[in-house]
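All of these numbers come straight from a predicted model, not from anything done at the bench. In each ligand, atom 1 is the first atom listed, and ligand 1 is the first ligand listed.
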Amino acid sequence: AKQAGPGTIRFFETSDDESARERRALLRDLELAVDRDELFLLYQPFFDIRKNRVTGFEALLRWRHPVRGVISPTEFIPIAEETGLIHGIGEWVVRRACSTLSNWPSDLRVAVNFSAAQFHNASILQTIVQALSQARVAPHRLEIEITESMLISKYAPASSILNSLLQLGVTVALDDFGTGYSSLTYLLKLPYTRIKIDQSFIRDMLRRPDSAAIVKSIIALTRDLQIGVVAEGVETAEQLDYLRQTNCDEVQGYLVGRPVAADHVFALLDQNKQW
Ligand code: C2E
Ligand code: CA
Ligand code: CA
Ligand code: CA
C-alpha cells in the first residue's frame, strides 16, 4: 500500500480512522444501552425429539440502537467483552431471562449465554442467586451456556464457580461443541448437564461423512456420560430425521422455531406443532 501513492494511503488511513471512530461511538452508545432500555431478549425453543414438545428456550440478546436499528450480538458482545461492559449487560440478561421464565409453565427451562470474562467477576454467583430468588424460579430451570472454547481460554471459568452453580441446581451446557479443540479431559472435569453440537456439523452432516461421524460420536459420548445432547442449527426435515435416527435428545434451529420475542412464546407453545 505504501507504493500505491499518497491518495491510496490517505484512503486507508481515513477508513481506519472511521472504523475506530465508529467503534468508539458504538461503545459510547452501548454504555447507555442498559439504562435506556435498548437491550432485549429473543427466545429460541429447544424441541425434544422423543417427547415431541418444546422443553425450553435459549435467550438471545439484541440491541435496538436508536439510529442503526437492531444490532446483532456478534457485533456488540466483543466490544462489551473488551471494555468490561459485559458484566452489567450480563447481569441484565440473567435478571431479565429469569423474570421472563417465571411466567412460563414450570416444566420449561431458560438457557442464558455467558462470556468467559463474566466468570472473572466475583459477584457472578450472587447475581445469579439473586436473579433466581427475585423471580422465584427453581434453580434447575436455569441453564448456563458456556462455549467449549472458553474452557481453554485464558478466561477459563473457575471450576469452583461452575461447581457452585451446579450445586445450587443450575444446569450447565457446553455450547458450540466440537469447535473448541479441547481435550475430553476438560469435558470430564465437571458434571456438565448437556452438550450442544455446533451448527457447522449439523449443516454438513448429510453431505459430509466426516461431519456425520462427529455428530454420531458426540451423541454416543453423551450417552456414555449420561448427559443431554442438543443439535443446533437444524433447518431441514431431513436433518431432523437423521438426528431422530441417531438418538439425539433435542434440536434447535429455524425448522422448529426462530428466536421470538417474549410475548410470542405462548403462541409458539400453543401451536403445539409436531415434527
Ligand atoms: P450461539 O449461542 O451459538 O447462538 C446460536 C446462534 O445461531 C444465534 O445467533 C441464533 O439466532 C442462530 N441460529 C439459531 N438457529 C439457527 C439456524 O437454524 N440456522 C442458522 N444459520 N442460525 C441459527 P445470534 O442470536 O445472532 O447469536 C449469536 C451469538 O451471540 C450466540 O451464538 C452467542 O454466542 C452470542 N450471544 C447471544 N446472546 C448472548 C448473551 O446474552 N450473552 C453473551 N455473552 N453472548 C450472547
Ligand atoms: Ca448458545
Ligand atoms: Ca451455539
Ligand atoms: Ca456460536
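- Under the 4.0 angstrom criterion for non-hydrogen atoms, R62 is in contact with ligand 1.
- By heavy-atom distance, the residue among L60, I89, I202, L42 lying nearest atom 4 (O) of ligand 1 is L60.
- For the pair A59 and ligand 1, the shortest N or O to N or O distance does not fall below 3.5 Å.
- For the Ca ion (ligand 2), the nearby protein N/O/S atoms, meaning those under 3.0 Å, are E58 OE2, N113 OD1, E145 OE1, D175 OD2.
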Next item on the list: Before giving the answer on side chain to side chain contact (heavy atoms under 4.5 Å, CB included), spell out for L27 and R23 the whole-Å C-alpha distance, their side-chain angles and the decisive distance to 0.1 Å.
Entry: CA-CA 6 Å; L27 170 57; R23 207 178 154 81; over 6 Å; no
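- Short contacts between ligand 1 and V93, defined as distances under 4.0 Å to a heavy atom of the residue, involve ligand atoms 41 (O).
- For ligand 1, the atoms lying closer than 4.0 Å to a non-hydrogen atom of P259 are 11 (O).
- Close approach of ligand 1 to S115 is summarised as follows: ligand atoms under 4.0 Å from at least one heavy atom of the residue are 44 (N).
- On a distance-only criterion, E81 and ligand 1 share no N/O pair closer than 3.5 Å.
- In terms of modelled atom types and a separation under 3.5 Å, the side chain of N113 and the main chain of A59 share a donor-acceptor contact.
- Looking at S115, its side chain never comes within 3.5 Å of a backbone N or O of Q118 through a donor-acceptor pair.
- If you number the atoms of ligand 1 from 1 as listed, the ones under 4.0 Å from a heavy atom of D176 come out as 3 (O).
- Taking every heavy atom of F114 and a limit of under 4.0 angstrom, the matching atoms of ligand 1 come to 44 (N).
- Near Q44, meaning under 4.0 Å from any of its heavy atoms, are these atoms of ligand 1: 14 (C), 15 (N).
- Taking every non-hydrogen atom of G253 and a distance limit under 4.0 Å, the qualifying atoms of ligand 1 come out as 15 (N), 18 (O).
- Without hydrogens or angle criteria, R109 side chain to E143 main chain gives no donor-acceptor distance under 3.5 Å.
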Margin query: Using side chain to side chain contact (heavy atoms under 4.5 Å, CB included), reason through Y254 and V234 one step at a time and then give a plain yes or no.
Written below: CA-CA 6 Å; Y254 296 163; V234 175; over 6 Å; no
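- Contact annotation: E58 has at least one heavy atom less than 4.0 Å from an atom of ligand 1.
- Checked against a 3.5 angstrom limit, the closest N/O atoms of E145 and ligand 1 fall outside it.
- Residue-to-ligand polar distances keep Q252 apart from ligand 1: every N/O pair is separated by 3.5 Å or more.
- In the displayed structure, R136 atom CZ is contacted under 6.0 Å by at most 12 heavy atoms of other residues, nucleotides or ligands.
- Only the side chain of I77 comes within contact range of ligand 1, with a heavy atom under 4.0 Å; no backbone atom does.
- Ligand 1 is never approached by R203 to a heavy-atom distance shorter than 4.0 Å.
- Not a single donor-acceptor pair under 3.5 Å links the side chain of E38 to the backbone N or O of P66.
- Interface of E235 with ligand 1, defined as ligand atoms under 4.0 Å from a residue heavy atom, comprises 17 (C), 18 (O), 19 (N), 20 (C), 21 (N).
- Proximity of D175 to ligand 1, defined as any heavy-atom pair under 4.0 Å, is confined to the side chain (atoms from C-beta onward).
- A salt bridge does not link R194 with E58: none of the charged nitrogens is closer than 4.0 Å to a carboxylate oxygen.
- A donor-acceptor contact shorter than 3.5 Å is absent between the side chain of T147 and the backbone of D175.
- D249 and K51 are not joined by a salt bridge, as no carboxylate oxygen comes within less than 4.0 angstrom of a charged side-chain nitrogen.
- With K196 as the partner, the salt bridge (Lys or Arg N to Asp or Glu O under 4.0 Å) test is satisfied by one option alone out of E250, E148, E145: E145.
- Checked by distance only, ligand 1 and T74 stay at 3.5 Å or farther apart across all their nitrogen or oxygen atoms.
- The backbone N or O of L108 sits less than 3.5 Å from a side-chain atom of R141, completing a donor-acceptor pair.
- E75 places no side-chain N or O within donor-acceptor distance of the main-chain N or O of S72, the cut-off being under 3.5 Å.
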